[in-house]
Trainee: 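Structure in structure tokens, see below.
Numbers for residues simply follow the sequence, beginning at 1.
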Amino acid sequence: PVHLRGTGESFAANVGGRLIGTSFFAVTQWLAPMLPVKGPVAPEHKLAYAAAAVGLFVGVVGIVAGFFLPEPKSESLAE
């Protein structure tokens, strides 16, 4: 997409991946013991389920937020 070029893309990748993305590790660790999984499940399996849930949540938020990004004006684009 045109609205994800140059410096904006680098900024989003660095801030999103390094600052915000790293904090979701804490969310995953917080969520893992609270998952209502049936039967005896090893802690690493609960952690895997929590990581999948957090990843799905982040993916859905990213897709939904992408629809609200503004498109640049056509006269400012180089042909």
Side-chain angles (χ1 to χ4, degrees):
V2 182
H3 49 269
L4 292 177
R5 282 200 267 180
T7 327
E9 180 184 7
S10 299
F11 176 80
N14 287 319
V15 170
R18 291 193 171 102
L19 298 177
I20 298 171
T22 306
S23 66
F24 276 102
F25 171 73
V27 173
T28 303
Q29 293 293 325
W30 172 78
L31 182 64
M34 293 189 282
L35 286 178
V37 181
K38 292 183 180 182
V41 177
E44 57 269 13
H45 291 174
K46 280 191 165 188
L47 184 62
Y49 288 131
V54 169
L56 180 66
F57 171 75
V58 170
V60 168
V61 167
I63 290 170
V64 170
F67 287 107
F68 295 102
L69 291 173
E71 285 288 335
K73 297 177 182 160
S74 61
E75 62 267 3
S76 67
L77 298 176
E79 293 292 326

Trainee: Determine the minimum heavy-atom distance between T28 and A50, stating which atoms define it.
Mentor: O-CB, 3.7 Å
Trainee: Please examine the side chains of Q29 and L47, heavy atoms only from C-beta on, and report whether any two atoms are closer than 4.5 Å.
Mentor: yes
Trainee: Determine the minimum heavy-atom distance between R18 and T22, stating which atoms define it.
Mentor: O-OG1, 2.6 Å
Trainee: If two hydrophobic side chains count as joined below 4.5 Å and joins carry through other members, does V37 share a cluster with V27?
Mentor: yes
Trainee: Are F24 and V60 connected in a single hydrophobic cluster, I mean Ile/Leu/Val/Met/Phe/Trp/Tyr linked by side-chain heavy atoms less than 4.5 Å apart?
Mentor: no
Trainee: Please check if W30 and L19 belong to a single hydrophobic cluster, counting links between Ile, Leu, Val, Met, Phe, Trp and Tyr side chain heavy atoms closer than 4.5 Å.
Mentor: yes
Trainee: Treating Ile, Leu, Val, Met, Phe, Trp and Tyr as nodes and any side-chain heavy-atom pair under 4.5 angstrom as an edge, say whether Y49 and M34 lie in one connected cluster.
Mentor: yes
Trainee: State yes or no: do V54 and V61 share one hydrophobic cluster built from I, L, V, M, F, W and Y residues joined by side-chain heavy-atom distances below 4.5 Å, directly or via other members?
Mentor: yes
